[in-house]
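To keep things clear, I will list the structure first and then write my remarks on it.
Within every chain, numbering begins at 1; the chains are lettered A, B, ... in the order of the sequence lines, protein sequences first and strands thereafter.
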Number of protein chains: 2
Amino acid sequence: MKPIYQRIADDLREQIADGSLPPGGKLPTEADLREKYGTSARSTVRQGLSLLVNEGLIVPRRAKGYFVREMRPLVYRPQSKFRRRPPEVDIYTHLLVSEGDERRPSQDIEVSIVEASTTVRSRLQLKSTDLVAVRRRTRRLDGEAYNLNDSYAALSLVEGSEWMMPTDVARGTNQVLAELGKELVRALDEIYVRMPTPEEVRRLQLGPGTPVAEHVVTTFAADDSPVQVTINVVPGDRHVIVYERVKDPDDFEQRPRSNWGAE
Amino acid sequence: MKPIYQRIADDLREQIADGSLPPGGKLPTEADLREKYGTSARSTVRQGLSLLVNEGLIVPRRAKGYFVREMRPLVYRPQSKFRRRPPEVDIYTHLLVSEGDERRPSQDIEVSIVEASTTVRSRLQLKSTDLVAVRRRTRRLDGEAYNLNDSYAALSLVEGSEWMMPTDVARGTNQVLAELGKELVRALDEIYVRMPTPEEVRRLQLGPGTPVAEHVVTTFAADDSPVQVTINVVPGDRHVIVYERVKDPDDFEQRPRSNWGAE
DNA sequence: TGATGCGCATTGACTGGACAATGACCCTCG
DNA sequence: CGAGGGTCATTGTCCAGTCAATGCGCATCA
């Protein structure tokens with residue numbers, strides 16, 4: 001016999017899945033459920049509801065009730081552009097972006113000098129004594145934070161340059177790096193999927209049960225030296241990460257059984 | 001004044017972060033914490049601990065206690081291979097894979113014919129009446145499931161071919177598709193970050209507080225028609241998703257201020 | 001009319017328990 | 001010495017409440 005709180009969660013989860021509880025819809029109150037399942041201990045009902053909250057399916061609103069979560073993901077493209085973009089692609093990627101999305105973007109920029117964390121240090125191949133400059137950006141849409149973007153570079157490289165200006169750099173910071181003799185020609189992307197830290201919950205105003213992707217980009221110059229590490233934190237409920245890949249002809253020769261389309 | 005259960009969670013979280021509670025280490029028992037925080041209602045202490053559980057930081061083991069979670073991520077590469085792989089890259093990507101990782105891979109394969117879900121249908125541009133074949137794979141490492149990989153293709157395309165054999169196809173299913181006149185030349189990757197469904201929790205034996213990445217790969221033939229959709233579900237605590245990008249020269253001309261290294 | 005305040009419904013935090021299930025350990029007995 | 005059983009520590013499930021905080025609507029009053 002399954003525990004009561006699980007039955008409550010399972011029943012509600014199914015109702016959400018089959019649409020009888022639509023996005024934005026209101027769930028039964030704790031009192032309703034207490035009666036319906038005869039359990040009559042508020043904590044049991046709350047335990048069941050908390051499961052759904054932690055799955056990111058519902059959100060509680062104090063003094064209002066529990067509601068089915070709604071989300072409208074944005075397309076997040078690590079690749080700057082697509083070489084080919086046939087009409088078919090747009091058919092569904094377009095569905096992801098809300099039609100007539102007129103929310104205005106803005107961002108906070110903050111630059112400081114810090115000791116490198118291990119994450120940054122190992123990727124930039126620095127000694128533990130080296131300092132790095134960090135350019136922290138919080139990106140917003142109509143005032144609401146939607147992702148965090150922190151770029152790190154060796155202080156010795158960017159000191160005194162425009163890279164360190166806490167304002168928007170019109171021609172792009174990568175152009176600044178190029179002028180410093182470090183044109184970026186290659187990037188390695190690592191994507192970690194995890195729950196957010198309380199700090200991230202605060203900065204991104206995340207609801208409970210919202211995981212994040214930590215997207216770490218290490219960029220390299222032509223001589224294969226690492227130049228910059230960018231850590232993007234993107235909330236899972238507000239983004240889809242999109243990549244396009246084209247077949248590399250060399251690949252086929254060397255490895256007939258490629259895992260194209262899979263892992 | 002912060003609620004007691006949050007103080008408990010914050011204190012423990014900090015101890016985990018600074019290493020005084022190392023991975024695999026045992027946390028104080030509920031009784032210890034009850035005493036320490038003078039709260040003396042088990043539910044309050046449990047509420048605090050459940051926060052950390054849902055953040056994926058700790059796991060409870062019945063009749064044993066709570067323990068700090070340990071994880072050893074595998075590298076998950078949607079791209080079949082890297083054209084250039086300078087030594088620097090390996091320095092840290094290698095750290096991710098446990099040294100001397102001798103776990104043996106295996107997989108279950110199961111093929112069936114189903115109606116296409118909206119996700120699959122829109123990507124394969126099918127009519128609602130069309131049927132699709134699905135090739136479901138559960139991949140294991142030493143018997144333990146580590147990701148799910150379901151490929152969908154129009155039934156009319158793959159019916160009767162080796163694609164539908166529920167066994168390993170030596171030369172690869174993509175080669176089979178090529179022989180059917182649909183060589184895969186391009187792919188679109190979409191990555192969604194979310195909490196797992198109970199079904200996924202069961203199949204992947206996920207601990208609480210473990211988010212997943214849903215990696216949807218749509219592959220196209222030379223004529224830009226969609227051929228196959230593969231949905232990979234990869235647990236966040238066991239994988240790092242890695243991509244490499246090289247600068248496209250065209251890119252620079254058309255769009256001087258590229259977002260190379262960022263979003 | 002418009003601002004103020006009161007009550008009500010609902011979730012948030014917490015109390016102080018009970019009994020069940022499980023895994024580890026120790027002791028006993030063959 | 002090994003198998004089996006019993007005890008104990010610890011988490012899992014559940015009970016039956018209390019008081020606080022909050023958002024909303026409604027009635028009151030200037």
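For B:E110, the CD atom counts as loosely surrounded, since its 6.0 Å shell holds 12 or fewer non-hydrogen atoms of other residues, nucleotides or ligands. Counting heavy-atom neighbours within 6.0 Å of B:E115 CD, excluding the residue itself, gives a total of 12 or less.
Regarding contacts with the backbone of C:dT11, every side-chain N or O of A:Y66 stays at 4.0 angstrom or more from both OP1 and OP2. Taking only side-chain nitrogens and oxygens, B:S40 never comes nearer than 4.0 Å to OP1 or OP2 of C:dT15.
Residue B:A63 places its side chain closer to D:dT10 than to any other of C:dA24, D:dT10, C:dT11. Checking C:dA13, D:dG12, C:dG12 against the side-chain heavy atoms of A:E30 singles out C:dG12 as nearest. Residue B:T44 has its side chain nearest to C:dT15 when only C:dT15, C:dT11, D:dT13 are considered.
The separation between B:L51 atom CG and C:dG12 atom P is 13 Å, rounded to whole Å. If you measure from atom CD of A:Q47 to atom C1' of C:dT11, you get 17 Å, rounded to the nearest angstrom. The distance between atom CD of A:Q6 and atom P of D:dT13, rounded to the nearest whole Å, is 7 Å. Rounded to a whole Å, the CZ atom of B:R34 is 14 Å from the C1' atom of C:dC14. The distance from atom NZ of B:K2 to atom P of D:dA20 is 22 Å, rounded to the nearest whole Å. B:R46 has its CZ atom 15 Å from the C1' atom of C:dG16, to the nearest Å. Taking atom OH of residue B:Y5 and atom P of nucleotide C:dG12, one finds them 8 Å apart after rounding to whole Å. Here the P atom of nucleotide D:dA20 and the CE atom of B:M1 are 16 Å apart, to the nearest Å.
Among the protein residues, B:S43 comes within range of the nucleic acid bases, having at least one heavy atom under 4.0 Å from a base atom. When heavy atoms are screened at a 4.0 angstrom cut-off, B:R42 is found touching base atoms of the nucleic acid. Counting any heavy atom pair closer than 4.0 Å across all strands shown, A:R61 reaches sugar-phosphate atoms only and no base atom.
Under the 3.5 Å distance criterion, with hydrogens and angles disregarded, no donor-acceptor pair is assigned to the side chains of A:R135 and A:T173. Side-chain contact, B:S43 with A:R46: no donor N or O sits under 3.5 Å from an acceptor N or O. Donor-acceptor pairing under 3.5 Å is recorded for the side chains of A:Y37 and A:D11.
In terms of position along DNA chain D, the nucleotide closest to B:R62 lies nearer the 5' end than the nucleotide closest to the other residue of the pair A:K64 and B:R62.
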